[in-house]
A.B. asks: 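I'd like to ask you about the structure that follows.
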Amino acid sequence: MKQIRIGLLGMGNIGTGTYKTLEMNKALITANTGAELTIVKILEKDLARKRDVRVLPEQFTQEPSDILESPDIDVVIELLGGIEPATGFMLTAMNNGKHVVTANKAAVAANFDKLTNAARSNSVMFRFEASVGGGIPILTALTAPLLANEYEEIRGILNGTTNYILTQMEENGLSYDSALKAAQDRGFAEADPTADVEGHDVANKLSILISLAFGRRVPPENIPTEGITKLTMRDIETAAVDGGKIKLIASVKKRGNDIEYSIKPTFVPNDHPLAGVRNEFNAIFVKGNAVGELMFYGKGAGPLPTGSAVMGDVIEIARAVLR
Ligand code: HSE
């Protein structure tokens, strides 16, 4: 049986979800890939954390080079989060001939060209489906089956944490703080949840969508962004009285030869499909000039949905290299 050996950088929420996805569906993944996929090394400091997966002590390392320089690793999965050292690690891995998969939207948005160019010049694959929309295969959809289209608009809910907070405040009367704590406990929030609630996480995701759909580099800090921290329970109640909900909406639209983009809390009437997107679910509308309007819907945050997208990328790479 052919082997694909994986090195995992980081075993927090998403690392654990990725490990669990592989463990849970190993036989199926082996059958679908025609190879055995194994996570052989894991870079992680926190060995005490309870993870509910079977990991042997010798799988862990504290030394990045055990993965980045090892001739025994074919694919590196980067799940450290943050721009550095994650970007440097991914570049080193690619320079050493390894394929790279990441869920790290901050690193991809900040260094899109550097990372994609490194993949090209080293003839390796670089995939980041899990960086936008969690388990929703939106990047693959935009860059493969929809490629015959000119995109006119992309619009939707791209952050699970804030959507969870807004839903819990509206439906269960939870305070902002308790709803945020519940989102953190469920593994939806970023290490520093400021990125979620101030909209910076969505800005990273919209920047990546703009790069792929419109071929333009718009740094996340150049996207006009308003998070949910200024919203009050009163705003949410007023929206309910007016027959709608407040959702954190990201959008990019073609205007002549230019594009317009923004991220802001927006009133959505109850009869609009985005009003029915609850808790950690995300939804993304895409309008193409041939296909018309499509809507993608699914869990946008959480260990297993994101682990599903990460492993999907690894399987895609395994199939390509074994062809
Ligand atoms: N913190 C992010 C969210 C994780 O809540 O959507 C998924 O990108």
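This is a predicted model, so every value here is computed, not measured. Indexing begins at 1, ligand by ligand and atom by atom, following the structure's order. Index from 1, following the sequence.
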A.B. asks: Which atoms of ligand 1 have any heavy atom of Phe188 under 4.0 Å away?
C.D. replies: 1 (N), 2 (C), 3 (C), 4 (C), 5 (O)
A.B. asks: Checking a contact table here: which protein heavy atom is nearest atom 8 (O) of ligand 1, and how many Å away?
C.D. replies: Lys105 NZ, 2.6 Å
A.B. asks: With a sphere of 6.0 Å drawn around NZ of Lys254, does it hold more than 12 non-hydrogen atoms of other residues, nucleotides or ligands?
C.D. replies: yes
A.B. asks: Is Asn159 touching ligand 1 with its side chain, its backbone, both, or neither, if touching means heavy atoms under 4.0 Å apart?
C.D. replies: both
A.B. asks: Going by distance only, is there an N or O of Ala189 that falls short of 3.5 Å from an N or O of ligand 1?
C.D. replies: no
A.B. asks: Using side chain to side chain contact (heavy atoms under 4.5 Å, CB included) as the criterion, point out the one residue from Ile249, Leu158, Leu248, Asn159 that pairs with Ile263.
C.D. replies: Leu248
A.B. asks: Which is it for His272 and Phe285 under the ring-ring contact (aromatic ring centres under 6.0 Å, His included) test, yes or no, and what are the steps along the way?
C.D. replies: CA-CA 12 Å; His272 190 281; Phe285 280 97; 5.7 Å; yes
A.B. asks: Inspect the contact between Lys253 and Asp258 and indicate whether a charged nitrogen and a carboxylate oxygen are less than 4.0 angstrom apart.
C.D. replies: no
A.B. asks: Could a heavy atom of Glu280 be found less than 4.0 Å from some atom of ligand 1?
C.D. replies: no
A.B. asks: Would the number of heavy atoms belonging to other residues, nucleotides or ligands and lying under 6.0 Å from CZ of Arg49 be above 12?
C.D. replies: yes
A.B. asks: Among Gly160, Gly300, Gly134, which one has a heavy atom closest to atom 7 (C) of ligand 1?
C.D. replies: Gly300
A.B. asks: Between the main-chain N or O of Gln168 and the side-chain N or O of Asn172, is there a donor-acceptor pair closer than 3.5 Å?
C.D. replies: no
A.B. asks: Quick test: of every protein heavy atom, which one is nearest to atom 5 (O) of ligand 1, and how far off is it to 0.1 Å?
C.D. replies: Thr161 OG1, 2.6 Å
